[in-house]
Protein chains: 2
Amino acid sequence: MDKIPESAPNPLLKLDNQLCFSVYALSRLITKTYQPLLEQLDVTYPQYLVLLVLWEHNTLSVKQLGEKLLLDSGTLTPLLKRMEQRQWLSRQRDPRDERSVVVTLTDAGRGLERNAQQIPEQVAERLQMAPPELAVLRTQLQQLVTLLT
Amino acid sequence: MDKIPESAPNPLLKLDNQLCFSVYALSRLITKTYQPLLEQLDVTYPQYLVLLVLWEHNTLSVKQLGEKLLLDSGTLTPLLKRMEQRQWLSRQRDPRDERSVVVTLTDAGRGLERNAQQIPEQVAERLQMAPPELAVLRTQLQQLVTLLT
DNA sequence: TATTAATTGATTGTACACAATTAAAACTTA
DNA sequence: TAAGTTTTAATTGTGTACAATCAATTAATA
């Protein structure tokens with residue numbers, strides 16, 4: 001009995017051919033790479049990204065933070081509340097515009113930066129890619145990010 | 001009054017210099033790019049990835065599915081249950097090894113593949129990157145995935 | 001100025017993602 | 001073969017993500 005001929009499989013629908021899957025998988029693997037290093041700081045990876053931004057700027061509104069991290073308030077509000085509970089930052093309404101919530105790093109939050117100094121190198125070490133190659137890759141990815149933003 | 005001299009800022013701790021952030025942001029942006037296309041199939045992006053695998057293999061254990069997608073049962077079990085409720089697949093214990101749960105595509109699940117044919121092209125269109133460049137980028141990302149796996 | 005429109009966060013609800021634990025079954029080996 | 005180990009999913013609990021909605025406030029304009 002002959003098999004009913006299937007339509008030719010679409011190679012574009014194969015998992016291995018998907019750029020999207022590589023990005024998705026890599027993103028989760030990178031988070032896992034950071035995790036043991038971030039355990040020392042007792043922060044999660046998204047919280048670490050918030051700290052990176054605040055170490056640069058110290059004070060930002062939720063809106064501005066969201067613009068930099070490409071995250072909305074539905075994600076940031078509970079995350080920031082957890083960080084506030086741990087005394088790494090404060091959240092308060094802007095008196096000049098009561099709609100806006102301003103996030104400010106505490107001394108403790110600023111102090112964490114010292115403990116984070118070695119993290120980028122330790123991660124780069126595990127990625128085992130030459131810095132120039134990494135830079136090229138990062139530029140390409142940033143182009144795509146800009147394109148889709 | 002002079003400012004207390006801060007330690008020189010570590011450029012490696014700047015958000016813009018982080019490969020990790022580009023990957024993280026791009027992954028979420030890609031998911032958002034897929035979302036309106038996947039709405040027609042009424043699936044989420046991770047569910048779409050499960051379908052991609054099953055369209056290739058039809059029947060796999062949860063374990064095998066997890067190996068291909070790099071996801072564990074804590075993620076897959078509830079996701080597969082939702083897909084089972086929608087009749088796209090069935091879940092049943094392997095009689096030869098009762099520890100194993102075998103996932104099989106239903107006719108309805110297989111039928112979805114036809115509706116998905118145009119999706120890769122439509123996404124590629126939005127990425128506006130020449131196919132050869134995309135292939136190079138994908139290869140680099142896959143290398144990193146392999147490295148971290 | 002009164003009304004409308006736009007901005008900004010918070011809230012709610014759904015769906016991942018994963019660590020840690022549990023439980024059942026299968027395998028190993030003394 | 002009995003005891004201990006390994007394998008495999010499920011469960012539980014925490015923490016993102018994000019769409020949709022709501023509420024408060026500000027800005028714009030008729």
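Below, chains carry the letters A, B, ... as their sequence lines are ordered, and counting in each starts from 1. What's counted below: heavy atoms across the whole structure, side chains too, no hydrogens, waters or symmetry copies.
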Interface polar pairs with nucleotides 1-5 of chain C, N/O, under 3.5 angstrom:
none

How many Å lie between CG on B:L71 and P on C:dA19, as a whole number? 11 Å
Distance in angstrom units between B:L29 CG and D:dA19 P, rounded: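 In whole Å, D:dA19 P lies 11 Å from B:L29 CG.
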Across the strands shown, which category fits [X] at heavy-atom distances under 4.0 angstrom: base, sugar-phosphate, nothing?
X	answer
A:S61	sugar-phosphate
B:L76	nothing
B:S100	sugar-phosphate

Identify the heavy atoms of A:K68 and B:L15 that sit nearest to each other, and give their distance.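 Reported closest heavy-atom pair: O-CD2, 3.9 Å.
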Could you please name the option among [options] that lies closest to any side-chain atom of [X]?
X	options	value
B:V62	C:dA19, D:dA9, C:dG9	D:dA9
A:S73	D:dT16, D:dA10, C:dA10	C:dA10
A:T77	D:dA9, C:dA10, D:dT11	C:dA10
A:L79	D:dT16, C:dA17, C:dA10	D:dT16

pair A:Q40-A:N115: side-chain heavy atoms closer than 4.5 Å: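 A:Q40 vs A:N115: side chains apart.
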5'-most contact on DNA chain D: B:P78 or B:R28, nearest heavy atom basis? B:P78
Do the charged groups of B:R91 and B:E84 touch, with an N to O distance under 4.0 Å?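 So B:R91 pairs with B:E84 through a salt bridge.
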Identify each atom pair where a protein N or O and an N or O of nucleotides 22-27 of chain C are less than 3.5 Å apart, giving names and distance.
residue : atom : partner : partner atom : Å
C:dA26  : OP1  : B:E98   : N            : 3.4

Between residues 35-52 of chain A and DNA chain D, which residues have a heavy-atom gap below 4.0 Å?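 When residues 35-52 of chain A is checked for heavy atoms under 4.0 Å from DNA chain D, the hits, listed by number, are A:T44, A:P46, A:Q47.
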